[in-house]
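Chain A is the first sequence line, chain B the second, and so forth, proteins listed ahead of strands; every chain is numbered from 1.
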Amino acid sequence: MRTFSTNERLKSRKLIGRLFREGNSYIAYPLRVVWLPVQPDDPALATFGEARAQLAISVPRRTFKTAVQRNRLKRRIREAYRLNKQLFYEKLTAADQHIALMLVLVAKEEVPYATIEAGVQKMIRKFP
RNA sequence: ACUGUAAAUCGCUCUGCCGCCUUUUUCCCACCCCGCCAUCGCGGCGGGGUGAGAUCGGGAGGAAAGUCCGGACAACACAGAGCACCGUACCACCUAACGGGUGGGUCCUGGCACGAAGGUGCCAGGAACAGAGAGUGUCGCAGAAAAUUACCGCCCCGUAUGGGGCAAGGGUGAAAACGUGCGGUAAGAGCGCACGGCGUCCUGGCGUAAGUCGGGAAGCGGAUAAACCUUACGGGUUGAAAUGCCACGUACACCUUGUUUCCACGCCCCGGCGUGGUGGUGUGUUGCUCGCACAUCGGCCUCCGGGCCGGCAAGGGGGGUAGGCAGCGCAGAAUUUCGCUGUGAAGCGGAAUCCAGAUAAAUGGCAGAGGCGUGUAGCUUCCUUCGGGAAACGGCGCGUGACAGAAUCCGGCUUACAGAUUUACAGUGCUU
RNA sequence: GGCUCCGUAGCUUAAUGGAUAGAGCAUCUGACUACGGAUCAGAAGGUUAGAGGUUCGAGUCCUCUCGGAGUCA
């Protein structure tokens with residue numbers, strides 16, 4: 001299922017706030033990964049549906065001035081996640097875990113798609 | 001032909017695979033509600049709603065940007081008046097409206113032509129272009145003086161250094177009291193005259209008007225209004241995070257201000273109550289003043305000044321939530337196109353079309369082909385001062401651009417922009 | 001998506017439209033000291049965020065651009 005539909009997007013303002021306060025993080029260049037396990041009794045879990053993880057993508061405005069640049073990079077990250085998430089889902093299903101996930105771009109200049117895809121694959125390998 | 005400037009138009013196309021957003025296209029499945037039929041029961045038909053899926057369509061810009069103006073739309077406010085504040089500023093027209101646009105006028109700058117010259121005409125570009133003759137202020141340094149001025153100077157009288165007249169020449173400055181010439185005079189000066197310049201007033205022609213071409217009168221004492229200001233016109237405030245509804249959730253806990261004076265009349269248990277008026281306090285009315293509207297209540301104590309408690313009005317501060325629906329793309333100041341009217345902005349009429357709606361925010365990723373641009377082998381032709389240069393064809397490589405991403409919607413303005421095309425103007429070269 | 005405001009030396013700031021933009025701290029050089037600090041003397045450092053306009057003259061007035069900050073249900 002190489003999809004990326006509404007219930008796979010992290011949209012709850014509240015959950016994002018908790019993610020940055022309480023979440024764990026690690027670096028998989030050119031990405032910084034912030035993640036937080038969602039407990040089974042959490043009401044936000046209802047929005048997940050069949051999804052194992054909800055993802056949000058962030059590209060800092062400070063380094064990328066124009067909206068065109070930021071949109072392009074966010075699209076590349078989303079595409080790379082969509083094409084590579086299957087292995088990630090297998091890992092999560094094995095552990096019976098739901099998580100909230102944020103990918104933040106830390107590169108200082110525009111990176112091509114191949115680099116981002118490598119970063120996403122690395123992120124999935126390094127995930128505990 | 002090339003280069004530059006200005007204006008206008010465009011600002012990559014196609015195919016395959018995998019994805020994203022969207023719906024009153026159609027279909028299918030599940031659940032819920034209503035009606036009818038059938039009934040022991042299972043059920044069948046029709047309509048509506050919700051959710052998931054399939055399918056057919058649609059899916060960023062000329063600036064989507066900056067948020068500089070103007071509207072639509074919405075909420076709140078509003079008996080009204082004055083002042084303040086803000087904005088606009090040659091005239092007419094266009095427009096829903098505008099600080100936008102179109103046309104015209106005036107002035108300035110540059111070029112060309114004509115003329116002895118003052119100047120006139122044509123072309124191109126520019127102008128926040130009302131008023132400095134309503135008032136106030138300011139004008140550093142220099143200079144005698146920066147707005148009713150006299151340093152050097154010129155002239156007359158006296159002759160010693162004084163008294164008086166003048167503003168031509170010199171000098172300072174961004175700016176020095178209409179310009180040139182002649183007369184005039186002691187010397188001079190619009191003091192007079194000729195020609196010219198400048199506005200003001202009266203007046204005639206043309207023009208809707210700004211204005212322009214004449215005639216006459218009295219004149220000529222700087223600049224600055226993107227200094228205060230004057231005049232005319234316009235402006236209620238806030239903006240989709242507005243606003244309405246649903247769901248979840250919390251704290252009427254705390255602090256501050258106000259809660260009243262006098263007069264008249266009536267009642268009675270004779271110091272209280274009621275009614276009316278007046279002022280005070282608080283709040284609202286964009287700011288201020290007037291005016292208007294609302295609140296100004298009850299209890300207890302008292303040394304009769306007032307104090308305390310509750311309620312009410314308003315403000316401060318704090319706590320909770322931060323999910324959904326509507327607003328929101330809607331047949332309209334709509335888009336495309338044709339015709340007519342108008343110098344033009346634009347208007348009127350006909351035909352066709354319905355054309356993005358996301359919300360941590362869709363319109364993408366990979367591969368291939370074409371076109372375009374660019375680099376470099378090669379080859380052909382032409383020119384040659386034999387160093388080389390130009391053009392066409394073409395294998396291979398690279399890039400596909402620049403500025404830039406809708407967020408309620410329109411009309412403008414401004415700013416950014418690789419490249420392509422067209423038109424106009426200017427320059428250079430070649431040919432005739 | 002709006003609204004409001006700010007920009008002067010490395011930092012904090014001053015300047016009524018008037019000459020070459022003035023201070024303090026920091027920096028550098030010299031003096032003092034055995035050395036350092038403190039102190040004294042001197043120097044350097046400004047496209048007044050950028051561009052255009054008004055004016056004789058602009059940090060100041062006006063317009064546009066750039067950068068930054070605050071605020072809202």
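- As rounded to whole Å, 13 Å separates atom C1' of B:A65 from atom CZ of A:Arg70.
- Under a 3.5 Å cut-off, the side chain of A:Thr93 and the backbone N or O of A:Tyr89 do form a donor-acceptor pair.
- With rounding to whole Å, A:Glu79 atom CD is found 14 Å from B:A367 atom C1'.
- If A:Ala114 and A:Gln69 are placed on RNA chain B by their nearest nucleotide, the residue sitting closer to the 5' end is A:Ala114.
- Taking the side chain as every heavy atom from C-beta outward, A:Tyr26 and A:Met123 approach each other to under 4.5 Å.
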Can you give me the N/O atom pairs linking the protein to nucleotides 356-360 of chain B at distances under 3.5 Å, or say none if there are none?
{"unit_1": "B:A360", "atom_1": "O2'", "unit_2": "A:Leu10", "atom_2": "O", "d": "3.2"}

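- Across the C1' atoms, B:G427 and B:C372 are found 31 Å apart, a figure rounded to whole Å.
- Straight-line distance from the CZ atom of A:Arg76 to the P atom of B:C20: 20 Å, rounded to whole Å.
- For A:Glu79, the salt bridge (charged side-chain N to carboxylate O under 4.0 Å, His left out) partners two or more places apart in sequence, or in a different chain, are A:Arg82.
- With rounding to whole Å, A:Leu83 atom CG is found 16 Å from B:C17 atom P.
- One interatomic measurement links the two molecules: CD of A:Glu117 to C1' of B:A367, which rounds to 14 Å at whole-angstrom precision.
- Side-chain contact check for A:Ile57 versus A:Tyr81: every heavy-atom pair is 4.5 Å or farther apart.
- B:A404 atom P lies 16 Å from atom CG of A:Leu73, rounded to whole Å.
- The distance from the CD1 atom of A:Ile116 to the NZ atom of A:Lys74 is 13.0 Å, given to the nearest 0.5 Å.
- Using atom C1' as the reference point in both B:A217 and B:G199, the two lie 15 Å apart (nearest Å).
- For A:Arg75, a side-chain nitrogen or oxygen approaches OP1 or OP2 of B:U363 to under 4.0 Å.
- Rounded to whole angstrom, the span from the CD1 atom of A:Ile116 across to the P atom of B:G365 amounts to 11 Å.
- In this structure, A:Lys91 forms no cation-pi arrangement with A:Phe88, as its terminal cationic atom is not both closer than 6.0 Å to the ring centre and no more than 45° off the ring axis.
- Computed from coordinates, the A:Arg82 CZ to B:A362 P distance equals 15 Å when rounded to whole Å.
- At least one donor-acceptor pair under 3.5 Å links the side chain of A:Lys126 to the backbone N or O of A:Ile27.
- Here the separation of B:G329 from B:U22, taken at their C1' atoms, is 13 Å to the nearest Å.
- Residue order along RNA chain B, read from the 5' end via each residue's closest nucleotide, puts A:Arg78 first among A:Arg78 and A:Asn71.
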